[in-house]
K.L.:
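Next up is a structure, given as structure tokens.
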Amino acid sequence: MSAPLPTPPSSGDDYLARLNPEQREAVETLDGPVLILAGAGTGKTRVLTTRFAHLLKTGRAWPGQVLAVTFTNKAAREMRERVSAILGQPAEGLWLGTFHSLCARMLRRHAELVGLTSAFTILDTDDQMRLLKQVMDAAGIDLKRWPAPGLMAQIQRWKDRGLTAERVTPAEDTDYAGGRARALYAAYQSRLRDLNCCDFGDLMLHMTEVFRGHPEVLADWNRRLRYILVDEYQDTNLVQYYWLRLLAQSHRNICCVGDDDQSIYSWRGAEIENILRFEKDFPNAKVVRLEANYRSTKPILAAAAHLIAHNAGRLGKTLRAGRKDAEGDKVRVVSLWDSEEEARMVGERIESARRNGHKLAEIAILVRAGFQTRAFEERLIVLGLPYRVVGGLKFYERAEIRDAMAYLRILAQPADDLAFERIVNTPKRGLGETAMRRMHELARAEGIPLVLAAERLVPSLTAKPRQALGALLQGIGRWREGLAKEGHVVVAATLLDESGYTDMWKADKSPEAPGRLENLKELIRALGEFESLAGFLEHVALVMENDENSEGDRLSLMTLHAAKGLEFDTVFLPGWEEGLFPHSRAMEEGGDKGVEEERRLAYVGITRARRHAIISTAANRRIYGNWSASIPSRFLDELPPDQIQREGSASMARARVAEMPSVFTGPSGLMARKPRVIEAGAWEAPVRPPPANPFKVGERVFHKKFGYGVVTAVDDNRVDVDFEKSDPKRVMDSFLERP
DNA sequence: GCGTAATAGATTTTT
DNA sequence: TCTATTACGC
């Protein structure tokens with residue numbers, strides 16, 4: 001997210017001179033409430049970081065007196081780096097971070113006020129769900145009839161709105177398990193407290209509860225934090241809003257940056273109303289609009305503006321082109337026959353762009369839903385174009401990392417039942433349902449942690465589990481002692497070996513197993529960067545990211561949501577069809593509001609592009625294995641006709657198909673099966689130079705996506721492989737490794 | 001207690 | 001079409 005102003009980096013005092021007048025106003029209005037409406041590509045991050053540095057440079061505040069909040073770790077990191085760059089020295093002692101990490105930091109100081117100790121554990125979503133299921137089970141809820149994820153979502157929405165179980169009104173609690181959701185929520189919270197655990201939502205909720213119930217604590221923070229900066233204000237939910245208001249209430253020096261047109265997270269509890277209401281919430285607020293866009297060409301800006309103008313209730317901004325070379329190609333709208341042709345079209349254009357010297361890292365394919373990436377991945381593999389999928393499973397969400405973390409957690413907190421439950425039979429120790437049930441019953445009856453219950457249970461087990469469980473419990477004691485003697489890194493490594501956990505993956509023959517062992521090594525390496533185990537556990541829960549596959553020149557594949565805040569020279573926007581984009585679920589659940597949010601998502605997508613935007617729509621798409629006909633997205637009709645260039649093979653292909661009566665069974669709108677289209681030669685890949693191929697027929701090879709297989713044929717740098725776990729495929733040699 | 005077969009259900013997911 | 005969870009047989 002950089003605003004490419006034509007000024008060299010500098011650490012001098014000229015940082016203000018590098019701003020345009022509106023940016024400068026946003027930076028220099030230091031006192032009182034300020035709302036900065038920052039359109040896409042208008043230098044939002046530059047303004048925020050410069051304002052931060054300006055506060056420090058002018059002596060208005062010490063580093064510890066400014067609170068700067070972001071949503072993502074990435075944004076927080078970037079802000080820290082850029083503030084340091086302006087200051088000319090590393091920025092230390094800042095209250096800068098994500099909402100959640102800042103709240104965690106505060107909550108560690110006040111944990112006892114909400115019934116926790118400062119060593120509380122932050123649960124991941126998996127643990128949250130398991131805990132809730134246990135609570136529901138104990139309450140005698142039929143989990144078939146009332147699935148736990150539904151209640152989890154409800155509890156999270158309540159937490160997003162700052163509602164503790166006590167604050168939820170009975171009127172709101174009618175449609176789940178016959179009005180028992182509130183009671184279950186309360187029971188869930190009570191279990192969390194017993195286990196000294198927090199879920200993500202609790203971090204925010206507990207802190208606002210501390211502020212509400214303890215004015216002296218709030219007054220202390222009010223004195224301490226004199227200036228507040230908030231990024232992406234349009235994405236804040238109610239509890240975040242309360243938290244900010246409480247923190248800002250005495251000095252009112254709060255500066256929020258955001259763009260109502262980029263609010264795309266209502267389904268996660270974000271309230272666009274927060275930004276729309278800012279001037280009412282903070283009387284005499286200064287509103288600054290940043291409208292000079294330094295990112296995109298005029299046609300791209302025109303397309304985005306024309307589209308978003310179809311939304312009602314906007315604060316209203318008009319982006320104007322700020323860069324000198326803002327002339328450019330029209331936005332392309334390509335109509336295609338089906339999703340396969342769409343993938344071929346995108347692949348072909350990327351190849352051609354690469355031949356013309358474009359960097360792959362400057363190209364992105366932005367899709368509405370995760371499953372859409374697959375078709376493109378397969379095509380890119382065939383073409384040998386390196387790519388990375390952004391998003392997906394986070395490092396700490398992987399099973400092996402969560403298992404390893406559970407082993408470490410049980411050392412740090414013996415009462416962490418969820419952690420113990422996770423590892424007690426991983427790897428398999430011969431414990432079954434009955435043994436687990438007895439363990440839980442004993443723990444509940446005696447009011448003791450599961451580990452203690454397990455210890456008492458050992459003698460009464462049959463030989464095999466008795467020995468295995470006994471060894472685990474002894475191990476836990478030994479490893480915990482080792483923490484002080486040998487340090488957490490050594491303990492972690494020996495623990496994974498002695499518990500049999502690494503052996504479990506070494507014995508596993510699935511294609512993912514080697515990668516999992518690698519991830520475990522990475523975990524140990526990362527552990528070495530931390531002083532203590534506790535510090536590491538918090539880091540993994542809140543901050544740890546997955547940045548593999550980021551090296552080299554690769555194009556990016558991601559959802560539109562994941563693309564917010566990023567920019568690329570060339571952006572492909574496939575799948576603009578009714579039902580997919582706008583998504584039918586968004587329309588069903590949100591009605592007109594839902595469509596408006598989808599439109600904002602489209603706006604976000606288009607404004608990611610600096611120079612080229614290629615939108616496409618397919619007449620037929622395979623969804624869950626079935627081919628179904630679709631009609632072009634309404635958003636296509638909302639683009640300015642004079643700024644877009646329509647292209648397409650859809651009509652041509654349709655004519656050709658019409659000549660095939662055996663498969664073509666009627667009007668296209670009613671077709672159930674996908675008709676075969678005669679291959680269009682234009683999409684065929686061009687000839688490439690023939691490098692010597694190192695792979696031989698019959699050789700065993702490994703592919704990151706398809707696993708192990710045997711080479712059956714070699715043609716230039718393309719290799720036919722018969723995969724063990726997948727159909728035979730032709731792949732590029734650069735994707736293959738020797739096992 | 002564990003491995004395999006049937007079966008339902010499949011947006012978006014900053015922390 | 002694929003995946004994740006659940007129901008059975010050994």
Side-chain angles (χ1 to χ4, degrees), chain A residues 69-77 97-104 122-125 128-129 133 143-144 147-149 152-153 156 159-160 198-204 231-232 234-237 239-240 262-270 366-375 390-394 396-397 399 425 427-437 461-462 464-465 468 538-545 558-566 575 579-590 594 597-598 600-601 604-605 621-627 674 726-727:
Chain A
V69 203
T70 65
F71 274 87
T72 64
N73 293 302
K74 195 176 158 215
R77 201 187 323 119
T98 63
F99 278 100
H100 296 271
S101 69
L102 290 168
C103 274
I122 300 162
L123 295 185
D124 62 35
T125 43
Q128 288 171 35
M129 194 62 76
K133 277 183 184 161
L143 284 162
K144 297 250 171 54
M152 192 80 244
Q156 274 166 1
K159 289 184 178 179
D160 288 341
C198 260
D199 66 17
F200 279 116
D202 283 337
L203 295 172
M204 296 297 315
D231 193 12
E232 306 276 20
Q234 77 283 351
D235 287 335
T236 50
N237 60 32
V239 73
Q240 288 160 342
Q262 293 188 66
S263 163
I264 55 175
Y265 281 106
S266 74
W267 50 276
R268 274 183 111 289
L366 308 183
V367 296
R368 175 67 241 279
F371 72 84
Q372 288 175 268
T373 59
R374 265 190 60 170
V390 179
L393 264 195
K394 303 273 179 299
Y396 55 80
E397 286 170 335
N425 204 28
K428 294 271 181 289
R429 294 191 173 88
L431 296 162
E433 214 179 313
T434 29
M436 291 303 291
R437 187 165 33 80
L461 293 169
T462 51
K464 213 165 79 182
E538 174 137 330
H539 174 80
V540 175
L542 290 173
V543 185
M544 191 122 173
E545 291 177 76
M558 68 187 99
T559 63
L560 287 159
H561 283 92
K564 199 177 75 164
L566 305 177
L580 182 58
F581 193 36
H583 200 281
S584 47
R585 288 277 288 269
M587 294 187 278
E588 283 160 26
E589 284 163 27
E597 181 149 318
E598 295 286 289
R600 291 194 289 270
L601 202 47
V604 167
R621 184 168 295 275
R622 187 157 54 175
I623 294 171
Y624 310 138
N626 291 328
W627 285 95
K674 184 224 168 195
S726 191
D727 292 333

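Computation of the quantities below employed the complete heavy-atom set of this structure, encompassing side-chain atoms and omitting hydrogens, waters and symmetry-equivalent molecules. Since the model is a prediction, treat every value here as computed from it, not as a measurement. Chain letters run A, B, ... following the sequence lines, proteins first and then strands; every chain starts at 1.
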K.L.:
With C1' as the reference atom in both, quote the distance from C:dT3 to B:dT14 in angstrom, rounded to an integer.
P.N.:
26 Å
K.L.:
Please report the distance, rounded to the nearest Å, between CG in A:Leu560 and P in B:dT14.
P.N.:
14 Å
K.L.:
Take atom C1' in C:dT6 and the same atom in B:dT11, then report the distance between them in whole Å.
P.N.:
25 Å
K.L.:
To the nearest Å, give me how far apart CG (A:Leu366) and C1' (B:dT12) are.
P.N.:
13 Å
K.L.:
Using the six-membered base ring of B:dA10, report whether A:Tyr624 stacks on it, requiring centroids under 5.5 Å and planes under 30° apart.
P.N.:
yes
K.L.:
Classify the side chain of A:Arg374 versus the base of C:dT1 as yes if they form a donor-acceptor pair under 3.5 Å and no if they do not.
P.N.:
no
K.L.:
Heavy atoms under 4.0 Å, any strand shown: does A:Glu597 hit a base, just sugar-phosphate, or nothing?
P.N.:
nothing
K.L.:
When you check the phosphate oxygens OP1 and OP2 of B:dT14, does a side-chain N or O of A:Thr98 lie under 4.0 Å from one of them?
P.N.:
no
K.L.:
Need to verify one output field. Residue with the more 5' nearest nucleotide on DNA chain B, A:Ala586 or A:Glu433?
P.N.:
A:Glu433
K.L.:
Give one of base, sugar-phosphate or nothing for A:Glu588, where a contact means two heavy atoms less than 4.0 Å apart.
P.N.:
nothing
K.L.:
Under a 3.5 Å distance rule, please check whether A:Asp160 uses its side chain to pair with a backbone N or O of A:Gly201 as donor and acceptor.
P.N.:
no
K.L.:
Does A:Asn425 make a side-chain N or O approach to OP1 or OP2 of B:dG1 shorter than 4.0 Å?
P.N.:
no
K.L.:
Which of these nucleotides, B:dT15, C:dT1, B:dT12, is closest to any side-chain atom of A:Ala369?
P.N.:
B:dT12
K.L.:
Whole angstrom is fine here: how far is it from CG in A:Leu461 over to C1' in B:dG1?
P.N.:
13 Å
K.L.:
Measure from the side-chain heavy atoms of A:His561 and tell me the nearest of B:dT11, B:dT14, B:dT12.
P.N.:
B:dT12
K.L.:
Closest approach to the side chain of A:Arg268, judged atom by atom: which nucleotide of B:dT14, B:dG1, B:dT11 is it?
P.N.:
B:dT14
K.L.:
Between A:Glu589 and A:Arg585, does any NZ, NE, NH1 or NH2 come within less than 4.0 Å of an OD or OE carboxylate oxygen?
P.N.:
yes
K.L.:
Could you give the CZ-to-P distance, from A:Phe71 to B:dT15, as a whole number of Å?
P.N.:
11 Å
K.L.:
Whole Å only: how far is the NZ atom of A:Lys564 from the P atom of B:dT12?
P.N.:
17 Å
K.L.:
Between B:dT13, B:dT15, B:dG1, which one does the side chain of A:Leu542 approach most closely?
P.N.:
B:dT15
K.L.:
Which of parallel (below 30°), tilted (30 to 60°) and perpendicular (above 60°) describes A:Tyr265 and A:His561?
P.N.:
tilted
K.L.:
What is the distance, rounded to the nearest whole Å, between atom CD1 of A:Ile623 and atom P of C:dT3?
P.N.:
17 Å
K.L.:
Rounded to the nearest angstrom, tell me the gap between atom CG in A:Asn73 and atom P in B:dT13.
P.N.:
16 Å
K.L.:
Does A:Tyr265 place a side-chain N or O at less than 4.0 Å from the phosphate oxygens OP1/OP2 of B:dT11?
P.N.:
no
K.L.:
Would you indicate what A:Gly201 reaches in the nucleic acid, counting non-hydrogen atoms under 4.0 angstrom: base, sugar-phosphate, or nothing?
P.N.:
nothing
K.L.:
On DNA chain B, compare the nucleotides closest to A:Leu601 and A:Leu431; which residue's is nearer the 5' end?
P.N.:
A:Leu431
K.L.:
On a plain distance test, is the side chain of A:Arg368 in donor-acceptor contact with the base of B:dT12 below 3.5 Å?
P.N.:
yes
K.L.:
Could you check whether any side-chain heavy atom of A:Arg368 comes within less than 4.5 Å of a side-chain heavy atom of A:Thr559, counting everything from C-beta outward?
P.N.:
no
K.L.:
Does the side chain of A:Lys159 reach to within under 4.5 Å of the side chain of A:Phe200, using non-hydrogen atoms?
P.N.:
no
K.L.:
Once the angle between the rings of A:Tyr624 and A:Phe371 is folded into 0 to 90°, is it parallel (under 30°), tilted (30 to 60°) or perpendicular (over 60°)?
P.N.:
tilted
K.L.:
Which nucleotide in the list B:dT15, B:dT11, B:dG1 gets nearest to the side chain of A:Thr434?
P.N.:
B:dG1
K.L.:
According to a strict under-4.0 Å criterion, is A:Lys464 in side-chain N/O contact with OP1 or OP2 of B:dC2?
P.N.:
no
K.L.:
A:Met436 has an atom CE; how far is it from atom P of B:dC2, in whole Å?
P.N.:
11 Å
K.L.:
Among B:dT15, B:dG3, C:dT1, find the nucleotide with the atom closest to the side chain of A:Arg622.
P.N.:
C:dT1
K.L.:
Is the backbone of A:His583 close enough, under 3.5 Å, to the side chain of A:Glu598 for a donor and an acceptor to pair up by distance?
P.N.:
yes
K.L.:
Is the base of B:dT11 syn or anti, where syn means the angle lies within 90° of 0?
P.N.:
syn
K.L.:
Do we count A:Trp267 as stacking onto B:dT12 if the rule is ring centres under 5.5 Å and planes under 30°?
P.N.:
yes
